[in-house]
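These notes concern the structure reproduced below.
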Amino acid sequence: MVRGLMKFPGISTKLLNISVGSLCKFRNLEKAESLIIDGIRLGVLPDVVTYNTLINGYSRFVGIDEAYAVTRRMREAGIEPDVATYNSLISGAARHLMLNRVHQLFDEMLHSGLSPDMWSYNTLMSCYFKLGRHGEAFRILHEHVHLAGLSPGVDTYNILLDALCKSGHTDNAIELFKHLKTRVKPELMTYNILINGLCKSRRVGYANWMFRELKKSGYTPNAVTYTTMLKLYFKTKRIEKGLQLFLKMKKEGHTFDGYANCAVVSALIKTGRAEEAYECMKELMRSGTRSKDIVSYNTLLNLYFKDGNLDAVDDLLEEIELKGFKPDDYTHTIIVNGLLSLGHIGGAEKHLACIGELGMQPSIVTCNCMIDGLCKAGHVDRAMRLFASMKVRDEYTYTSVVHNLCKDGQLVCASKLLLSCYNEGMKIPSSARRAVLSGLRMTVSNQAARKTHIKMKAAIECNAVMHP
DNA sequence: ATAGGGTTAG
């Protein structure tokens, strides 16, 4: 291949870059590097683009240190890194949320006399957003971007909109959308981000409005748009409408990657339609290898568990390992929850322990399932021990514990936990409050307990006014 | 750099 390049001096480096680019794209970094070395031997000199391509590959697929090591080799070859080099390194560090590293690279870039561009700042801002540090992200936009004389592009707005939506500030997102339309042309992605954010916060009317805006602006909805709408239908219990949309998606070729299938299957499982779920899952597994990822395996695993098909579960777990997919938090939750719902309490506890042995930390969702399952199997004491050991808990943890303590007659404990939720501003469904109050209302013979109950009731009712 | 799928309580 390289010998061929020799025949075309001048364009040979361009051809080298194209080859290096496609090798890097398919994670073939060693081959890309040896191609560069062969090239040098034969007089085809790599340029800054060649090295940037390689650095980008290392940064994406290997690691930030390995990517950085290439910049040294680059300098040795007499080529100085440019802004694109640093942007690749920065995005690698940002992907792993290594904020210190990101800042270090910014400093180094400035010291080399290079100015960060809009892409650099976009990466920095998205890193701050992912860390939940919105204030600092906006500070970068207002102070650094404008100071540098840069102006936000549509991609900057996309990042801002997504962050606003995901943090629940959908009103601000809508305002920002109206503003950005006066400055840049929204992309299809811009609409998709907004529709998704509006759907997730149940702003159905606005979501439909944005969908119409999308079509008015001349774009055609894509697989992402439709999958988002599909989820909205399922969430609002419009199963038939969702299934109709899925049919349309299939006809128009929007189900190639299996995303929609997974959404449909899990909706069918939840509504007890296992037969149809199997049918839909079969379509997914028949299609290209691209759609068989850990998410589709998790979906299928959940289906087998909900169907009580433990033999199929075993086979599937073996297949997952054989194919080299790595079980994630969802996989473990599905296993623990599946075992619990089939009455295999000991098996679930064993699996929970084995997560730690695999070097992973059981997720909060997995623990929530375990707590709920233990309670329902009558082991409230064991559940409360796990509850006590959890460093972070969410509304699922508390809702489950409060309900189960009520059922177990531990009303004072349930009341205290419920009150602590109100104090922390946690959103607890009103059903939990009703359970506690009706428990407390039951007459107790013991005079002291009765007094405590009355006090608890008063405190909870007082909170009910402030947290309806 | 930025969009969609899979797990839990009532």
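Small disclaimer: the values here were computed from a predicted structure and weren't measured. Every chain is numbered from 1 and lettered A, B, ... according to where its sequence line falls, protein lines coming before strand lines. Note that these values count all heavy atoms, side chains included, but never hydrogens, waters or copies made by symmetry.
- Residue side chain A:N222 reaches the base of B:dA3 through a donor-acceptor N/O pair under 3.5 Å, judged by distance alone.
- When the nucleotides B:dG4, B:dA1, B:dG10 are ranked by their closest atom to the side chain of A:V224, B:dG4 comes out on top.
- Under the 3.5 Å distance criterion, the side-chain polar atoms of A:S120 are left unmatched by any main-chain donor or acceptor of A:N87.
- Residue contacts shown for A:K407 are absent, as no nucleic acid heavy atom lies under 4.0 Å away.
- Residue contacts for A:N404: at a heavy-atom cut-off of 4.0 Å it reaches no nucleic acid atom on any strand shown.
- Set against B:dG5, B:dA1, B:dT7, the side chain of A:K231 has B:dG5 as its closest nucleotide.
- Counting any heavy atom pair closer than 4.0 Å across all strands shown, A:A223 reaches a base atom.
- Side-chain atoms of A:H403 lie closest to B:dG10 of the nucleotides B:dA1, B:dG10, B:dT7.
- Side-chain polar atoms of A:E319 and A:Y297 form a donor-acceptor pair below 3.5 angstrom.
- Going from atom NE2 of A:H332 over to atom C1' of B:dT8 covers 16 Å, rounded to whole Å.
- A:F234 and A:G242 get closest at one heavy-atom pair: CE2-CA, 3.9 Å.
- With hydrogens and angles ignored, a donor-acceptor pair closer than 3.5 Å exists between the side chain of A:D293 and the base of B:dG5.
- In this structure, A:T399 reaches the bases: a heavy-atom distance under 4.0 Å links it to at least one base atom across the strands shown.
- Proximity note for A:D162 (side chain, C-beta onward) versus B:dT2, B:dT7, B:dG5: the nearest is B:dT2.
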For residues 137-156 of chain A, which side-chain donor-acceptor pairs fall under 3.5 Å, sequence neighbours excluded?
residue, atom, partner, partner atom, Å
A:H142, ND1, A:F138, O, 3.1
A:T156, OG1, A:N122, OD1, 2.9
A:T156, OG1, A:G153, N, 3.2

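- The base of B:dG5 does not come close enough to the side chain of A:N261 for any donor and acceptor atom to sit less than 3.5 Å apart.
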